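None of the values given here were measured: they were computed from a predicted structure.
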Amino acid sequence: MSTADWWSLVAVVVLVAISAVLSAAETSLTRISRIKAQALREQGRRGARALCALVEQPSTYLSTVLLLTLVAQLIAATLVGVVADHAFGPLGVAVATAVEILVIFVVGEAIPKNVAAVHPEGTALRLAPIVALLVRVWPIRVLASGVARLSAVLTPFRAQRSLVSEEELLAMADAAEEGDVIENDERQLIHSVISFGDTIAREVMVPRPDIVAVPSSTT
């Protein structure tokens, strides 16, 4: 193996590490709600400001993270194939490709995503500033947005705007209380307002035998 091959292997390690970081960022950021991000910012947590900016508009970072992850993995796979061909020939390319697929899946995808799923809050706070920086890099932003627009043009259907259900509103209110964004009485008020719309008049009326009344002519 030549010096160039060794440098290529170093680049592969770096690219797999980048893929792992981006995979963890993707999982953790998508698991943080807007309410939770706002609560973390109010608590003064480091990285919470960048996290709030990202979760407010997921489209600004999701295409960038996915594109960079794919690019890192594809370049790593190409370099492994070139080095294996130089060192072992065609048979080595096949073996190295199989091993690299396993390594990328375990090290670059499975492990970081599992860690981010178990510790989404801490992972998101640590990686949000990095993702926010990548989103602001002009060439990356232009390339990611261009690919996103192209995929939107090639998509034969358009997603309809979804409406938030009552169950989701109630869950958001509960999550807001748990995140110390609203108080308990505010949560109860939200629940009462939503349940009031489903209340039938006869459910709150006093039965006729139980009515206490006086004649209308009474002074």
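To the nearest 0.5 Å, the span separating CG on Leu62 from CG on Leu29 amounts to 9.0 Å. The structure places OH of Tyr61 at 11.5 Å from CD of Glu56, a figure rounded to the nearest 0.5 Å. The line from CD of Gln73 to CG of Leu22 is 9.0 Å long, rounded to the nearest 0.5 Å. Note that CG of Leu15 is 10.0 Å distant from OG1 of Thr78, once rounded to the nearest 0.5 Å. One finds the CG atom of Leu40 at 5.0 Å from the CG atom of Leu125 (value rounded to the nearest 0.5 Å). Rounding to the nearest 0.5 Å gives a distance of 11.5 Å between CD1 of Ile32 and OG1 of Thr27.
Residues passing the salt bridge (charged side-chain N to carboxylate O under 4.0 Å, His left out) test with Glu109 are Lys113, sequence neighbours excluded. Legend: residues meeting side chain to side chain donor-acceptor pair (under 3.5 Å) with Asn114, ordered by chain and number and at least two apart, are absent. Residues meeting the side chain to side chain donor-acceptor pair (under 3.5 Å) test with Thr123, sequence neighbours left out: none.
Hydrophobic cluster membership is shared by Val14 and Leu134, with clusters built from Ile, Leu, Val, Met, Phe, Trp and Tyr side chains linked at under 4.5 angstrom. No chain of hydrophobic side-chain contacts below 4.5 Å, direct or via other Ile, Leu, Val, Met, Phe, Trp or Tyr residues, connects Val103 to Ile101. Hydrophobic cluster membership is shared by Leu54 and Val137, with clusters built from Ile, Leu, Val, Met, Phe, Trp and Tyr side chains linked at under 4.5 angstrom. Cluster annotation: Val16 and Val82 are assigned to distinct hydrophobic clusters (Ile/Leu/Val/Met/Phe/Trp/Tyr, side-chain heavy-atom contacts under 4.5 Å, transitive). Grouping the Ile, Leu, Val, Met, Phe, Trp and Tyr side chains by contacts below 4.5 angstrom, directly or via other members, places Val13 apart from Ile75.
Using a 4.5 Å cut-off on side-chain heavy atoms (C-beta onward), Ser33 and Lys36 make contact. Taking 4.5 Å as the limit, some side-chain heavy atom of Ile130 sits within range of a side-chain heavy atom of Leu127. Side chains of Ile190 and Ile182 form a contact here, defined as non-hydrogen atoms less than 4.5 Å apart.
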Counting only pairs under 3.5 Å, give me each side-chain donor-acceptor contact of residues 204-219, with atom names and distances, residues two or more places apart or in other chains.
unit_1, atom_1, unit_2, atom_2, d
Thr218, OG1, Pro215, O, 3.1

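The shortest heavy-atom contact between Val131 and Ala25 is CG2-CB, 3.7 Å. Heavy-atom minimum distance, Pro120 versus Ser28: O-CB, 3.6 Å. Between Leu79 and Ser8 the shortest heavy-atom distance is CD1-O, 3.9 Å. For Ala20 against Val107, the heavy-atom pair with the smallest separation is CB-O, 3.5 Å. When all heavy atoms of Ala128 and Gly47 are compared, the pair lying nearest together is CB-O, 4.0 Å. Shortest non-hydrogen contact noted between Ala76 and Val12 is O-CG2, 3.8 Å.
The backbone N or O of Gly108 sits less than 3.5 Å from a side-chain atom of Ser23, completing a donor-acceptor pair. Using modelled atom types, no side-chain atom of Arg45 and backbone atom of Arg41 make a donor-acceptor pair closer than 3.5 Å.
Under a cut-off of 6.0 angstrom, the local environment of CD in Glu183 is sparse, with at most 12 non-hydrogen atoms contributed by other residues, nucleotides or ligands.
Taking 4.0 Å as the cut-off between side-chain N and carboxylate O, Glu121 and Arg31 do not count as a salt-bridged pair.
Members clustered with Leu70: Leu74, by chain and number, using a 4.5 Å side-chain heavy-atom cutoff among hydrophobic residues. In the hydrophobic clustering, where aliphatic and aromatic side chains (Ile, Leu, Val, Met, Phe, Trp, Tyr) are joined below 4.5 Å either directly or transitively, Val193 groups with Leu189.
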One pair to check against side-chain contact (heavy atoms from CB on, under 4.5 Å): Val55 and Gln38. What are the steps and the verdict? CA-CA 10 Å; Val55 298; Gln38 292 174 352; over 6 Å; no
Would you sort out whether Leu66 and Glu26 count as a side-chain contact (heavy atoms from CB on, under 4.5 Å), showing the intermediate values? CA-CA 8 Å; Leu66 293 175; Glu26 175 197 350; 3.6 Å; yes
